[in-house]
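A short worksheet on the structure shown next.
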Amino acid sequence: MSSIGTGYDLSASTFSPDGRVFQVEYAMKAVENSSTAIGIRCKDGVVFGVEKLVLSKLYEQGSNKRIFNVDRHVGMAVAGLLADARSLSEVAREEASNFRSNYGHNIPLKYLSERVAMYVHAYTLYSAVRPFGCSFIFGSYDQDDGPQLYMVDPSGISFGYWGCAIGKAKQAAKTEIEKLQMKDMTCRELVKEVAKIIYIVHDEVKDKAFELELSWVGEVTNGKHELVPKDIRVEAEKYAKDSLEEEDDSDEDNM
Amino acid sequence: MERHLMDSKIKGVSTGTTILAVTFNGGVIIGSDSRASIGGYYVSSKTINKLIQVHDRIFCCIAGSLADAQAVTKAAKFQISFHSIQMESPPLVKAAASVLKELCYNNKEELQAGFITAGWDRKKGPQVYTVALGGMLLSQPFTIGGSGSTYIYGYADAKYKPDMSKEECLQFATNALALAMGRDNVSGGVAHLVVITEEGLEHVVIPGDKLPKFHDE
């Protein structure tokens, strides 16, 4: 799966003989080393879920956030090198703010994600800088355009999605997401499913404790992106844990 | 500081003018007179066009220094066109008005021009925005502007009704322009009107002698 590009991988300004830019591929590897983040778009909003690995018992609960607010109506979930992600969230915030200043209304998500993608892409062109080692998922809700979900990766491309996953368990998460009928679900139903998917893909053996970060934006929040309220989050986590136990039980029966 | 007072004190060619924009059920009508004057004494043009199209369904009417207004609308037209192509969709009327407002506010020391932006977009339908001299942006169901507007505030406030039909609105706009042009010495010529709806545009030009008469014996 991975190949070493000896000699052609020293800078982003070099192509390999088979047409690859290795620095960008290595940047994507950095994203794959980070814990999983997922975003799913449903009929009336977007829900984000992040598996935030807790490396030390001394960490304050709720610190080291991986979901950011870019503008009142836009949320951003990240995976990869967090320092890179934080500085890019500032870039996204400035873009949204300048747009509002010039044109008097909320920035459309497609345009925001294209502008951020253009910025990320610029860092893949020169040997003097390195590519950003993070991917992000943008989500927003607007009364006229409805819910929108876009993902940007280190190569600087952005696509619109109904559901996407980034990070170490993205393949497993994608499989779970594909099972959902998200176009018919509401945010309240989706929050529980997102929690369940994060619990499913979390590897109990390799990574011990984790915190589930959940946020949403949609009709239920009146178009404002915010962290899911504590009581709904607790209910969603309970649903997730119960579903996992059920699956475990049914496995035992088969034996 | 007197610079910010009356249009008729502008040096050079000015549009001592009457402009207005009125929303009706399904669209918006934007209208103006066609006189350009120098110092309020000499009519430099009897048939100037003060209704500038900045996009497919968005028009601007200009008041104040003609040179300033033309420069600003040219820059705004370019910015709005570029913005629309980047967005891959027609621009919002509010976005067009904001672009004009930014230009007016950031250059308020040098410029002396005010605008009325009116148009139709998919999101909010027909809208009218005033961009005043210093860069204030205000959304209103109808608005009048220019030196001639002072003579028709009473008429406009009394006769405007929300949700008019197109014909009622045309009559309202024509009457308002005729009354202003009849009393203001720096407004005159022909009345230009543009009806903007989702379907398209309709230009109406009414020569001075065909305008409605009000006790003109």
Side-chain angles (χ1 to χ4, degrees), chain A residues 41 44-46 70-74 88 91-122 138-152 156-162 217-219 222-224, chain B residues 54-58 60 72-108 115-132 134-140 143 198:
Chain A
R41 169 183 163 192
D44 65 350
V46 172
V70 168
D71 195 345
R72 232 172 289 134
H73 65 300
V74 178
L88 277 167
V91 167
R93 283 169 182 159
E94 269 180 49
E95 280 290 336
S97 166
N98 284 337
F99 185 94
R100 187 192 294 281
S101 172
N102 286 330
Y103 302 109
H105 64 95
N106 286 346
I107 188 167
L109 192 64
K110 178 165 192 267
Y111 183 67
L112 172 66
S113 94
E114 275 170 12
R115 295 286 297 183
V116 175
M118 230 195 295
Y119 189 90
V120 168
H121 170 252
F138 286 111
S140 83
Y141 178 78
D142 173 70
Q143 251 189 327
D144 301 297
D145 303 320
Q148 307 274 323
L149 184 67
Y150 282 86
M151 181 180 80
V152 177
I157 51 172
S158 102
F159 282 116
Y161 290 89
W162 278 94
V217 57
E219 223 177 297
N222 243 328
K224 192 164 163 268
Chain B
V54 289
H55 207 265
D56 292 354
R57 294 282 183 280
I58 307 179
C60 243
V72 171
T73 48
K74 201 166 178 188
K77 195 170 174 180
F78 162 73
Q79 283 186 28
I80 293 162
S81 155
F82 193 71
H83 171 70
S84 163
I85 291 173
Q86 277 185 316
M87 294 288 119
E88 292 173 355
S89 76
L92 298 184
V93 186
K94 187 166 192 192
S98 289
V99 166
L100 273 163
K101 177 261 289 174
E102 283 292 295
L103 286 164
C104 287
Y105 182 74
N106 291 332
N107 296 297
K108 65 156 80 184
F115 306 88
I116 295 178
T117 307
W120 182 94
D121 65 48
R122 192 187 54 94
K123 202 164 176 176
K124 282 205 191 147
Q127 296 146 76
V128 167
Y129 292 89
T130 306
V131 178
M136 172 192 78
L137 175 64
L138 200 57
S139 168
Q140 296 167 299
T143 192
E198 179 179 1

For the [atom1] atom of [X] and the [atom2] atom of [Y], what is their distance to the nearest 0.5 Å?
{"X": "B/Glu88", "Y": "A/Tyr111", "atom1": "CD", "atom2": "OH", "answer": "11.0 Å"}
{"X": "B/Ser98", "Y": "A/His105", "atom1": "OG", "atom2": "NE2", "answer": "7.5 Å"}
{"X": "B/Arg122", "Y": "A/Asp145", "atom1": "CZ", "atom2": "CG", "answer": "6.0 Å"}

* To do: If the plane angle is over 60° it's perpendicular, under 30° parallel, otherwise tilted; pick one for B/His83 and A/Phe99.
  => tilted

Whatever's closer than 4.5 Å to a heavy atom in chain B on A/Asn102 counts as both

Turns out that what part of A/Arg100 lies under 4.5 Å from chain B's heavy atoms comes down to neither

Of all heavy-atom pairs linking B/Lys101 and A/Ser101, the shortest is NZ-O, 4.0 Å

Heavy atoms of A/Pro108 and B/Met87 approach each other most closely as CG-SD, 3.7 Å

Heavy-atom count check: over 12 atoms from other residues, nucleotides or ligands less than 6.0 Å from B/Asn106 CG? yes

Do other residues, nucleotides or ligands put more than 12 heavy atoms under 6.0 Å from A/Arg93 CZ? yes

query: Are A/Asp142 and B/Lys123 close enough, and set up right, to give a salt bridge (charged side-chain N to carboxylate O under 4.0 Å, His left out), and what steps lead you there?
result: CA-CA 11 Å; A/Asp142 173 70; B/Lys123 202 164 176 176; 3.7 Å; yes

